[in-house]
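Note that the coordinates shown come from a computational prediction; the quantities given were computed from them, not determined experimentally. Just so we're on the same page: letters track the sequence lines, and every chain starts at 1.
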Number of protein chains: 2
Amino acid sequence: MTIMIVDDEERDRMWLKNLLVENFPSDQPIHEAHDGQQAVDMAMKIKPNLIFLDIKMPQLSGIKAAEAILQKLPETGVVMLSNFSDEVYVRQLWKIVPPNGVFGYVLKNASNEQVVEAARAVLSGDCWIHPGIARVIQRTQNRATSLTSAEYEALVCIALGMTDHAIAKRLYLTEKAVQSRLKSLYAKLGIPGRGESHESEFNQRCRACYVATRRGLINQSELDDWESKLEEKKQGGPAQV
Amino acid sequence: MTIMIVDDEERDRMWLKNLLVENFPSDQPIHEAHDGQQAVDMAMKIKPNLIFLDIKMPQLSGIKAAEAILQKLPETGVVMLSNFSDEVYVRQLWKIVPPNGVFGYVLKNASNEQVVEAARAVLSGDCWIHPGIARVIQRTQNRATSLTSAEYEALVCIALGMTDHAIAKRLYLTEKAVQSRLKSLYAKLGIPGRGESHESEFNQRCRACYVATRRGLINQSELDDWESKLEEKKQGGPAQV
DNA sequence: CGCATCTTCGGGGTTTACCCCAGCCAATTG
DNA sequence: CAATTGGCTGGGGTAAACCCCGAAGATGCG
């Protein structure tokens with residue numbers, strides 16, 4: 001059995017490695033990589049059965065690395081490691097795992113037992129999702145609360161601080177369309193408008209950013225990515241999530 | 001020499017403990033606690049020379065724990081451990097360390113050598129600040145870019161999604177005063193107004209939240225704290241930072 | 001096909017956020 | 001002392017954000 005560990009933090013790699021050699025005795029060494037690009041290259045060569053991927057990494061994120069690897073080697077068992085229960089990542093992960101592929105998703109504050117459990121599950125063909133993430137997954141599948149990609153685009157834009165006008169220009173829409181997206185976004189995030197809810201007055205725009213961040217719909221590093229994309233002279237058109 | 005380690009993550013405690021027993025041989029055992037309250041209680045009993053404190057912990061944050069401990073035992077050498085280079089924390093830390101007290105501030109992605117170095121420095125009466133934080137500190141001391149507490153209050157409020165009116169009510173100010181605070185806040189964050197900067201149109205309010213978060217002036221967990229404070233039926237008056 | 005959902009877009013409104021200008025008071029500071 | 005700075009107040013304005021209404025095209029589904 002071949003195992004790969006991909007994480008940019010040496011400390012986390014060692015922790016995981018120790019955990020694995022104890023619980024999965026094997027004559028094969030455990031291979032390590034410390035960024036996404038390396039991971040993809042190495043995976044192509046050694047074709048691991050099981051691969052642990054950190055999400056937050058330089059060069060190429062764990063999500064993108066997983067995408068590349070699963071495309072060529074759909075049989076690979078993937079276990080994502082993350083510090084956050086961010087919905088952004090779950091959204092993305094859901095899209096790239098092949099319908100019958102298996103994967104695990106464990107938070108880094110998981111107990112050692114949970115990590116081993118996740119690894120065993122994936123190896124035997126099951127999925128293992130961290131308990132704390134279960135409800136996040138549910139929410140992404142609930143029509144009433146999950147965001148459409150149109151709404152998500154708008155969310156990202158206001159979180160970056162763009163005006164309606166700027167968003168319209170950027171996404172090739174009228175301002176009305178933008179406001180329409182925002183309106184349904186606010187509704188789904190449960191943010192009261194002017195009339196409703198007497199006590200609580202909100203600036204919906206900022207409130208939406210706050211709520212969305214708390215729910216893990218967006219996070220700072222994702223936003224920074226978008227920010228730099230926008231600065232690339234508005235190329236590539238509206239992006240997909 | 002007595003050493004204490006305070007961290008809610010078992011993994012980080014073990015890493016640090018191993019590091020310390022290797023580099024600081026001592027007949028004394030290394031004491032551990034896993035939240036702020038425990039840390040304070042234990043510190044009172046054993047009066048450690050050196051204490052490592054994680055910032056993000058349940059019950060009582062590392063900052064608050066440090067405050068309590070330094071008040072009773074100002075001689076204690078404190079080394080803060082943090083995942084972030086957030087300016088919020090530096091602001092707070094600066095206020096609670098006694099003028100002649102020593103402390104270290106290391107990020108968790110620091111190398112083993114750096115941690116040992118920080119520990120040695122603090123033990124010998126020096127401060128040790130993580131390189132990545134140096135410029136943050138500088139910024140907090142630069143009059144032109146550092147926020148006053150008035151501006152900071154306003155920042156927190158808009159980040160929570162409050163309207164000018166709601167902020168005014170909350171802080172016992174007129175709306176004009178709030179807008180005045182916001183205006184200078186935007187200026188210090190370098191956010192262009194309507195007239196200036198032709199290409200880039202910004203919703204200053206949201207943009208301020210984004211920029212402030214990126215600079216570590218605010219972060220989600222701090223905001224959540226404020227949010228719950230606000231829900232406590234507006235007690236305690238405007239808070240200080 | 002009818003039906004539902006998502007999305008865009010129009011007209012025509014109110015409120016909020018931001019703009020410029022000026023003055024006043026308190027606390028520092030040279 | 002005068003000078004400066006930070007903070008609050010006021011008047012009076014513009015533009016952006018949000019409100020309700022309805023309509024129409026695209027898509028997918030039973």
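Closest to the side chain of A:Asn203, from the set D:dC18, C:dC18, C:dT8, is D:dC18. Distance from the side chain of B:Thr148 is smallest to D:dG6 among D:dG6, C:dC9, C:dA17. Distance from the side chain of A:Arg181 is smallest to C:dT8 among D:dA17, D:dG7, C:dT8. For B:Tyr186, the side-chain atoms get nearest to C:dC18 when compared with the rest of D:dA16, D:dG7, C:dC18. Closest to the side chain of B:Ser180, out of C:dT7, C:dA17, D:dC8, is D:dC8.
For B:Ile158 and C:dT16, the CD1 to P distance is 17 Å, given to the nearest whole Å. Between B:Glu201 atom CD and D:dA15 atom C1' the separation is 11 Å, expressed in whole Å. Rounded to an integer number of Å, the gap from B:Leu182 CG to C:dC19 P is 10 Å. Taking atom CD1 on A:Ile167 and atom C1' on D:dA16, their separation rounds to 12 Å, with Å as the unit. Taking atom CD on A:Glu175 and atom P on D:dA17, their separation rounds to 8 Å, with Å as the unit. In this structure, CZ of A:Phe202 is placed 13 Å from P of C:dA17, rounded to the nearest angstrom. One can place CZ of A:Arg207 at 18 Å from C1' of C:dT16, the figure rounded to the nearest angstrom. Between A:His165 atom NE2 and D:dC18 atom P the separation is 16 Å, expressed in whole Å.
The closest donor-acceptor contact from the side chain of A:Glu222 to the backbone of A:Asn219 lies at 3.5 Å or more, if one exists at all. At distances below 3.5 Å, not a single donor-acceptor pair connects side-chain atoms of B:Arg214 with backbone N or O atoms of A:Gln220. A donor-acceptor pair under 3.5 Å is absent between the side-chain atoms of A:Tyr186 and the main chain of A:Arg181, judged by distance alone.
Summarising the geometry, atom CD belonging to A:Glu67 is positioned 9.0 Å from atom OG belonging to A:Ser61; distances are rounded to the nearest 0.5 Å.
At a threshold of 4.0 angstrom between heavy atoms, the contacts of A:Gln204 are confined to the sugar-phosphate backbone, with no base atom among them. No engagement by B:Ser184 is indicated, since no non-hydrogen atom pair under 4.0 Å with the nucleic acid exists.
With sequence neighbours left out, A:Asp41 forms a side chain to side chain contact (heavy atoms under 4.5 Å, CB included) with A:Gln37. Partners of B:Ser180 under the side chain to side chain contact (heavy atoms under 4.5 Å, CB included) rule, at least two apart in sequence or in another chain, do not exist in this structure.
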Please tabulate, one pair per line, each protein N/O and nucleotide N/O from nucleotides 10-13 of chain D that are separated by under 3.5 Å, including the distance.
residue : atom : partner  : partner atom : Å
D:dG11  : O6   : B:Lys176 : NZ           : 3.0
D:dG12  : O6   : B:Lys176 : NZ           : 2.6

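A donor-acceptor contact under 3.5 angstrom links the side chains of A:Tyr210 and B:Asp224, judged on distance only.
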